[in-house]
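A short write-up of the structure that comes next.
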2 protein chains.
Amino acid sequence: MAQFINKREDVVIEAVEGLLATSAVPLARLDGYPHIRVVVRADWDRSRVALVSGGGSGHEPAHAGFVGAGMLTAAVCGDVFASPSVDAVLAGILAVTGPAGCLLIVKNYTGDRLNFGLAAERARAFGLNVNMVIVDDDIALPDLPQARGVAGTLFVHKIAGALAENGADLDTVTEAARRVISGTRSIGMSLDTCTVPGSPKEDRIPKGMAELGLGIHGEAGVEQVDYSGAQSAMAAVARKLKAAVGERNHVALINNLGGTSVLEMSVLTHELIRSEIGSHVSHVVGPAAMMTSLDMRGFSISLYPADDEDLACLAMPVGPSAWPGLAKVDPVRVMGLPDGLTPIMPLPSNHKPTRDFLVDCCEVMIAAEQKLNALDAKSGDGDTGSTLAGAARALISAMDRLPLSDHTQLLRAIGLELSQTMGGSSGVLLAIFFAAAGDGASSGLPMREALKAGLGRMQEIGGAKVGDRTMVDALAPALDSLNDGFSQAASAARKGADGTAGMSRAKAGRAAYVNARQLEGNNDPGAEAVARLFEFLASRKS
Amino acid sequence: MAQFINKREDVVIEAVEGLLATSAVPLARLDGYPHIRVVVRADWDRSRVALVSGGGSGHEPAHAGFVGAGMLTAAVCGDVFASPSVDAVLAGILAVTGPAGCLLIVKNYTGDRLNFGLAAERARAFGLNVNMVIVDDDIALPDLPQARGVAGTLFVHKIAGALAENGADLDTVTEAARRVISGTRSIGMSLDTCTVPGSPKEDRIPKGMAELGLGIHGEAGVEQVDYSGAQSAMAAVARKLKAAVGERNHVALINNLGGTSVLEMSVLTHELIRSEIGSHVSHVVGPAAMMTSLDMRGFSISLYPADDEDLACLAMPVGPSAWPGLAKVDPVRVMGLPDGLTPIMPLPSNHKPTRDFLVDCCEVMIAAEQKLNALDAKSGDGDTGSTLAGAARALISAMDRLPLSDHTQLLRAIGLELSQTMGGSSGVLLAIFFAAAGDGASSGLPMREALKAGLGRMQEIGGAKVGDRTMVDALAPALDSLNDGFSQAASAARKGADGTAGMSRAKAGRAAYVNARQLEGNNDPGAEAVARLFEFLASRKS
């Protein structure tokens with residue numbers, strides 16, 4: 001699969017440069033390109049214990065993204081999935097280590113152990129006080145004496161980082177790191193392998209399967225298991241973790257391995273909380289991409305039984321934005337639905353002239369059904385006539401519950417009826433038209449102005465302007481002429497409606513997606529409906 | 001492609017539950033499942049202007065992930081890529097709107113405009129003061145009068161959110177939102193389509209192509225362009241943006257569309273900064289997944305010409321951890337490499353007995369080359385003999401520059417020589433052995449104890465214990481017996497080396513991966529080398 005990279009050999013440097021240029025925490029790099037790629041705190045004064053981590057790249061934001069106040073002092077970046085050189089590690093150590101010494105936090109891979117280990121020896125030859133801890137939190141391979149270091153490393157960065165930031169000495173920081181390592185257990189699951197830059201993607205996991213107990217370098221998982229969904233996936237992970245942890249409360253670090261969507265990570269979080277270990281998860285870190293395996297569609301869960309002091313360390317604010325913070329797991333708070341969702345129906349009232357007027361208008365729409373459908377067939381799906389006629393029939397049958405004697409309330413009530421009975425965008429738009437007109441009337445506007453306010457709101461929401469080939473092309477001029485009587489309004493509406501036949505390019509509504517030739521010579525059905533309504537009103541004896 | 005979800009129809013509720021249970025900011029939901037999925041601030045007192053956004057799901061963390069102090073007051077979550085109902089939006093408005101009123105922030109899609117618009121009308125009928133702004137930041141379709149709302153929406157959430165949090169009134173907040181919208185321009189690029197839950201993945205983008213100007217609902221991009229790497233991809237995006245923005249400084253929001261790895265996003269960030277618009281990017285938000293399109297492997301860039309007040313709003317701390325913060329773009333700081341990378345060579349000195357001793361030892365290794373290679377062929381790649389003999393030859397040729405008369409310095413110098421001339425893990429481990437032994441000697445340990453300190457460090461780094469079928473099985477007992485003389489040490493080493501032939505399961509080193517049957521009856525080559533060395537020393541007349 002194609003990736004957003006350039007040349008494979010440049011990817012680490014380019015990513016480091018992108019991080020450095022845009023980091024909110026002050027960072028610098030050592031002048032050792034191309035082979036020495038070390039990111040260091042630019043605000044570091046060597047007054048406290050330095051924390052140095054690193055390893056192969058491809059696990060971003062680990063580790064360079066966690067350099068900053070309260071976490072790492074320096075990160076040494078190898079090539080993708082390859083340990084950095086001894087010289088690079090040594091450069092990192094020398095750049096940040098002062099009299100308080102330095103702790104190396106190393107994931108348990110042979111290359112990292114050896115290169116960090118030898119670099120530590122060389123640094124000690126300069127008289128520096130350098131300790132090293134090896135993170136081996138992975139429980140995927142219980143028989144392997146050398147468990148891998150995976151996302152649980154972040155617990156070490158954070159807790160040791162907080163202690164170092166607060167001025168603890170090297171032995172204290174080292175002891176805490178060892179304690180965190182000994183208590184941390186992690187396991188991962190993936191639905192797909194990762195794409196290593198410059199290499200063809202391995203197609204190892206068959207459809208319907210997932211890998212459980214995978215590493216972070218694309219190595220195969222310990223077992224392939226049937227995959228049937230997020231719930232069973234998390235259940236399998238929880239089963240492994242349950243065997244490894246006791247009954248104490250734990251912090252769960254929920255790690256996106258790189259290619260899992262935010263939506264999925266939230267679903268997985270939900271599944272973790274309701275899994276068999278969920279009741280022992282008191283806090284979480286994430287979900288977030290912390291220790292990735294490039295673009296792997298997978299996740300890992302790391303558990304650590306934090307005591308109060310650990311929790312304080314995990315909660316301490318830090319510079320790096322890649323650290324997502326600590327959150328307490330709480331029962332979901334549910335608030336009652338607000339009053340008002342069931343609209344208050346106005347009190348019905350009768351007023352025969354209004355009833356007759358409304359019914360007559362509705363009959364006009366019913367009579368125009370076929371003609372309007374035919375016009376709509378030229379530009380849409382041929383149902384404008386039926387939609388309007390259906391709404392008209394529904395309105396007629398609603399007459400007895402309308403507040404016919406209160407025109408302000410009536411406008412709102414018509415809007416409500418249309419919103420409930422008339423489908424499609426036009427139903428919502430007409431509902432908005434009448435509701436907003438009702439608002440206008442209730443605030444004292446005369447009817448013509450109230451209707452214009454309704455039109456304004458409908459245009460704002462629907463986005464149609466005059467000339468866009470919609471009902472607005474008839475309605476806007478009709479309302480503008482309404483003070484001069486229905487006759488003038490009808491002429492204006494007709495002129496507007498007929499004008500739509502010459503508009504070869506619709507700019508709003510569904511007709512915007514239709515070929516110009518199909519539209520020419522045919523009135524927009526909405527505008528035609530408006531024109532027919534006003535022509536009827538002009539002819540009607542009230 | 002398989003996803004970490006369960007039933008399609010449950011995905012939004014499960015994701016919301018996952019968010020609610022583990023959010024660091026106090027959140028609640030309305031009691032309206034399954035159709036009304038509204039996330040609200042649980043710490044909200046209605047004393048200020050409420051901000052309500054939402055729309056179809058699938059864009060996580062937008063919008064529910066941005067509910068919290070300083071950003072949204074409520075988010076209304078529709079089905080994946082489908083607008084929420086009018087009732088759901090209304091419930092959200094009613095739940096959070098007090099006397100200060102409410103601003104609806106709506107992305108420009110017909111369904112959202114209509115449903116939020118009608119909900120606003122219904123809320124106004126209750127006397128609530130509700131404004132609505134429509135975000136249309138997408139520049140992909142310059143001819144379309146209705147530009148889509150995409151990731152630039154986050155600028156609106158953040159700036160309006162800061163003003164509302166600080167107590168600005170509804171008109172001020174609305175005016176600011178309109179100003180932000182009018183200044184924001186966005187465009188996206190993708191290498192692959194997204195996977196809509198429950199639907200087969202569309203395979204629309206051919207190999208070697210990318211889509212430019214795509215939406216966030218899986219709709220096709222405006223154009224397919226040749227894809228040759230991150231640099232040209234960002235150049236195409238920058239070209240579109242350059243035409244849309246002037247010469248002012250902008251904030252760039254660097255958005256991961258969901259499936260792009262963190263490594264790639266950093267490379268893209270680097271490319272943005274060095275693109276033709278890079279000099280006009282004064283600040284960035286991200287890179288981060290903010291407005292995703294499920295798992296789409298793509299990104300978008302949104303630009304906004306923030307003034308000082310805007311920058312203060314963007315920089316204001318907020319509750320939601322999904323907001324990555326604002327960072328100033330600065331030239332990359334480069335620090336000189338620390339002194340000490342080129343190891344200080346000790347002053348050479350001569351001491352004939354020491355020289356003879358070392359040369360003799362080296363000759364033993366050279367003589368054993370073939371035998372050790374043959375043993376190694378049973379468990380490894382057959383080069384242990386050659387590796388040791390090569391190092392021995394190199395050491396002999398280095399005699400003139402070694403500090404032969406200072407045994408403490410000599411140990412360190414041998415370590416350094418081996419680290420530079422002897423390949424593989426064993427070279428690093430022996431270098432660590434000698435370096436650490438030198439440290440021990442320099443701190444006053446007698447030679448035997450110094451060597452044991454070296455062994456301890458080598459074991460710590462290499463991870464091998466006695467019984468793991470490595471050179472440690474001969475070296476450890478030999479050093480333990482060294483006080484009793486070379487003869488005792490040689491016997492102990494021989495016993496240890498011969499014992500490795502009975503170890504059917506190597507636990508460290510490369511032989512750990514080899515079938516037990518291949519190992520049985522053959523000494524470990526490293527242990528054999530140690531035994532031969534001590535046997536020679538026992539026989540040697542010093």
Side-chain angles (χ1 to χ4, degrees), chain A residues 2 4-6 14-15 17-22 24 28 30-32 42 60-61 94-95 113-114 117-118 121 126 145-146 191 229-231 258-259 261-264 266-270 273 284 289 292 294-295 321 324-325 327 332-338 340 428 431-432 435 461 463 507, chain B residues 2 4-6 14-15 17-22 24 28 30-32 42 60-61 94-95 113-114 117-118 121 126 145-146 191 229-231 258-259 261-264 266-270 273 284 289 292 294-295 321 324-325 327 332-338 340 428 431-432 435 461 463 507:
Chain A
F4 289 111
I5 63 169
N6 299 301
E14 290 173 348
E17 291 291 294
L19 172 70
L20 289 168
T22 60
L30 298 186
D31 191 14
E60 292 68 23
L94 295 177
R113 290 176 73 134
L114 298 181
L118 182 53
E121 292 303 335
F126 288 95
Q146 300 278 2
L191 295 176
Q231 187 165 23
S261 68
V262 180
L263 180 73
E264 292 167 278
S266 285
V267 170
L268 288 166
T269 300
H270 174 61
I273 299 303
V284 299
T292 62
L294 294 167
D295 60 350
S321 64
V332 171
R333 278 176 269 208
V334 181
M335 289 172 50
L337 279 180
V428 177
I432 289 171
I461 303 301
K507 287 189 184 145
Chain B
F4 288 111
I5 63 168
N6 299 299
E14 291 173 346
E17 292 291 295
L19 172 70
L20 289 168
T22 59
L30 298 187
D31 190 13
E60 292 68 25
L94 295 176
R113 290 175 72 134
L114 299 181
L118 182 54
E121 292 302 335
F126 288 94
Q146 300 278 3
L191 295 175
Q231 187 165 23
S261 69
V262 180
L263 181 73
E264 291 168 279
S266 285
V267 171
L268 288 166
T269 300
H270 173 61
I273 299 303
V284 299
T292 62
L294 294 166
D295 60 350
S321 64
V332 171
R333 277 177 269 208
V334 180
M335 289 172 52
L337 280 179
V428 177
I432 288 171
I461 303 301
K507 288 191 184 144

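It should be emphasised that the depicted structure is a prediction, and the values quoted were computed from it without experimental measurement. Here is how names work: the chains are called A, B, and so on, in the same order as the sequence lines, proteins then strands, and each is numbered from 1.
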One option among G258(B), G229(B), G340(B) has the most heavy-atom pairs under 4.5 Å with chain A, and it is G340(B)

Between P61(A) and chain B, with a heavy-atom cut-off of 4.5 Å, which part of the residue counts as in contact: side chain, backbone, both or neither? both

So for A42(A), is it side chain, backbone, both, or neither that comes closer than 4.5 Å to the heavy atoms of chain B?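 Just its side chain gets close to chain B.
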
Checking [X] against chain A: side chain, backbone, both or neither under 4.5 Å from a heavy atom?
{"X": "I273(B)", "value": "side chain"}
{"X": "V284(B)", "value": "side chain"}
{"X": "S321(B)", "value": "side chain"}

Between [options], who has the most heavy-atom pairs with chain B when the cutoff is under 4.5 Å?
{"options": "G325(A), A327(A), G336(A), G259(A)", "value": "A327(A)"}
{"options": "A431(A), P338(A), A24(A), G32(A)", "value": "P338(A)"}
{"options": "T292(A), L94(A), L20(A)", "value": "L94(A)"}

[X] versus [Y]: any side-chain heavy-atom pair under 4.5 Å?
{"X": "L268(A)", "Y": "F4(B)", "value": "yes"}
{"X": "T269(B)", "Y": "L19(A)", "value": "no"}
{"X": "V332(A)", "Y": "E17(B)", "value": "yes"}

Between [X] and [Y], which heavy-atom pair has the shortest distance, and what is it?
{"X": "V262(A)", "Y": "A289(B)", "answer": "CG2-CB, 3.9 Å"}
{"X": "V267(A)", "Y": "I5(B)", "answer": "CG1-CA, 4.2 Å"}
{"X": "L263(A)", "Y": "A15(B)", "answer": "CD1-CB, 3.7 Å"}

How far does NE2 of H270(B) sit from CD of E14(A), to the nearest 0.5 angstrom?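 Nearest 0.5 Å value for the NE2-CD distance: 5.0 Å.
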
Can you check whether A230(B)'s main-chain N or O pairs, donor with acceptor, with N6(A)'s side chain at less than 3.5 Å?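 Yes.
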
Please answer whether the main-chain N or O of I432(A) pairs with a side-chain N or O of E121(B) as donor and acceptor at a distance below 3.5 Å. no

